[in-house]
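Reading through the structure tokens given below for one structure.
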Amino acid sequence: MTIMEKEPKIRELWISNEEFQALEKCNSEIRYTYTIKRIADAEALWYILDEDGYLIIQTDGNKKLLPVWSSKEYAQVFCVKGENNYKYSAFTWETFEDSVMEYIRQNDILINVFPTKKEPFGKIVDSNTFVEEINKLIEEYFG
């Protein structure tokens with residue numbers, strides 16, 4: 001899937017160095033819980049693209065995975081210069097639900113939540129679970 005449209009202004013959440021380093025060391029379950037809360041807070045999520053503007057989809061055996069993060073700092077770790085030509089970007093939650101989810105469902109893609117360099121597979125969940133959990137939090141936060 002290529003990303004052509006310019007997203008509306010993304011509300012970025014500030015992350016301290018301490019928070020960044022602490023989360024990198026947490027297990028995938030803790031990173032998952034953190035990530036869905038932060039995505040609900042900002043109503044945005046971060047992903048990576050190749051140099052041609054296509055979503056980066058990881059594979060694990062026959063599974064296709066879309067890696068996502070709650071902030072650009074975590075996505076940047078996968079975009080280190082010299083390793084690849086990846087870029088990071090963000091979707092608003094609305095765009096993700098309205099446009100990206102259709103592509104994910106049609107292509108049987110799972111969500112790889114908060115992978116790290118040391119643990120390239122974070123918590124892997126189906127897209128419906130991911131959306132339901134975040135929407136539940138958004139409803140709790142914003143009514």
Side-chain angles (χ1 to χ4, degrees), residues 1-138 140-141:
M1 174 178 192
T2 59
I3 310 303
M4 299 293 182
E5 296 176 25
K6 183 76 175 153
E7 275 290 315
K9 180 83 171 124
I10 299 294
R11 199 176 98 202
E12 293 185 42
L13 301 174
W14 183 82
I15 296 176
S16 69
N17 276 343
E18 294 80 15
E19 181 179 359
F20 179 87
Q21 291 173 2
L23 278 161
E24 284 271 303
K25 296 174 187 170
C26 290
N27 67 40
S28 61
E29 193 64 42
I30 292 171
R31 292 193 318 266
Y32 176 78
T33 300
Y34 167 88
T35 301
I36 63 168
K37 287 179 181 178
R38 297 289 280 194
I39 289 172
D41 287 342
E43 295 187 79
L45 68 152
W46 292 80
Y47 59 93
I48 50 179
L49 302 163
D50 68 15
E51 61 273 7
D52 296 321
Y54 287 92
L55 282 175
I56 295 295
I57 303 296
Q58 298 170 293
T59 56
D60 182 20
N62 61 353
K63 295 181 210 166
K64 295 181 276 183
L65 312 168
L66 173 66
V68 298
W69 298 267
S70 57
S71 69
K72 71 179 178 184
E73 289 83 357
Y74 300 115
Q76 282 175 316
V77 172
F78 275 69
C79 304
V80 177
K81 278 191 172 184
E83 288 188 31
N84 53 51
N85 292 317
Y86 298 164
K87 303 168 221 154
Y88 57 90
S89 192
F91 291 119
T92 63
W93 184 246
E94 182 179 354
T95 296
F96 182 80
E97 275 195 296
D98 293 348
S99 302
V100 182
M101 277 300 295
E102 181 179 337
Y103 173 80
I104 288 170
R105 286 183 181 125
Q106 288 174 349
N107 291 282
D108 295 320
I109 298 171
L110 299 170
I111 309 295
N112 183 13
V113 180
F114 201 142
T116 66
K117 282 287 190 183
K118 290 183 180 178
E119 192 179 350
F121 302 109
K123 181 167 178 175
I124 297 169
V125 296
D126 69 84
S127 58
N128 291 330
T129 299
F130 182 70
V131 168
E132 287 169 14
E133 290 185 7
I134 291 174
N135 280 337
K136 181 181 174 190
L137 288 172
I138 289 171
E140 287 174 14
Y141 294 160

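In this structure, Leu65 and Ile109 approach most closely via the heavy-atom pair C-CG2, 3.9 Å. The two residues Ala75 and Trp69 have their closest heavy-atom pair at CB-CE3, 3.6 Å. Smallest separation of non-hydrogen atoms from Val77 and Lys117: O-CE, 3.0 Å. Residue Ser28 comes nearest to Glu119 through the heavy atom pair CB-OE2, 3.6 Å, listed as atom of the first residue, atom of the second, then distance. The two residues Ser71 and Ile15 make their nearest non-hydrogen contact at OG-CD1, 2.7 Å. Here the closest non-hydrogen pair linking Ser127 and Ile104 is CB-CG2, 3.7 Å.
Between the NZ atom of Lys123 and the OG1 atom of Thr129 there is a distance of 8.5 Å, given to the nearest 0.5 Å. For the atom pair Leu110 CG and Asp60 CG, the distance stands at 9.5 Å (nearest 0.5 Å). Interatomic distance, Gln58 CD to Asn112 CG, rounded to the nearest 0.5 Å: 4.5 Å. Here the CZ atom belonging to Phe91 is positioned 11.5 Å from the CD1 atom belonging to Ile39, to the nearest 0.5 angstrom. Considering CH2 of Trp46 and OG of Ser70, their distance stands at 10.5 Å, rounded to 0.5 Å. The line from CD1 of Ile111 to CD1 of Ile124 is 10.5 Å long, rounded to the nearest 0.5 Å.
A parallel orientation is assigned to the rings of Tyr74 and Phe20, their planes being inclined by less than 30° (bins at 30° and 60°). Using cut-offs of 30° and 60° for the angle between ring planes, the Phe130 and Phe96 rings count as perpendicular.
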side-chain contact (heavy atoms from CB on, under 4.5 Å) between Ile57 and Leu66: does it pass, once the steps are laid out?
CA-CA 5 Å; Ile57 303 296; Leu66 173 66; 4.0 Å; yes

Show the numbers, then the answer: is there a side-chain contact (heavy atoms from CB on, under 4.5 Å) between Tyr86 and Gln76?
CA-CA 9 Å; Tyr86 298 164; Gln76 282 175 316; over 6 Å; no

Full working for side-chain contact (heavy atoms from CB on, under 4.5 Å) between Ile138 and Asn135
CA-CA 5 Å; Ile138 289 171; Asn135 280 337; 4.2 Å; yes

Can Tyr88 and Glu73 be said to form a side-chain contact (heavy atoms from CB on, under 4.5 Å), step by step?
CA-CA 9 Å; Tyr88 57 90; Glu73 289 83 357; over 6 Å; no

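Counted within 6.0 Å of CD on Glu102, heavy atoms from surrounding residues, nucleotides or ligands total 12 or fewer; the atom is thus considered open. Within 6.0 Å of CD in Glu94 there are 12 or fewer heavy atoms belonging to other residues, nucleotides or ligands. Enclosure of atom NZ in Lys87 by more than 12 non-hydrogen atoms of other residues, nucleotides or ligands within 6.0 angstrom is indicated.
Arg38 pairs with exactly one of Thr35, Asp41, Ile36 by the side-chain contact (heavy atoms from CB on, under 4.5 Å) rule, that one being Asp41.
Qualifying ring-ring contact (aromatic ring centres under 6.0 Å, His included) partners for Phe121, counting only residues two or more places apart in sequence or in other chains: none.
Side-chain contact between Val113 and Arg31: absent, with no pair of heavy atoms (C-beta onward) separated by less than 4.5 Å. Side-chain contact between Trp93 and Val131: present, with at least one pair of heavy atoms (C-beta onward) separated by less than 4.5 Å. Between Lys25 and Thr116 there is no side-chain heavy-atom pair separated by less than 4.5 Å.
Of the possible donor and acceptor atoms, none in the side chain of Asp52 sits under 3.5 Å from a partner among the backbone N and O of Tyr54. Although no hydrogens or angles enter the test, the distance criterion places a donor-acceptor pair under 3.5 Å between the side chain of Asn27 and the main chain of Glu29.
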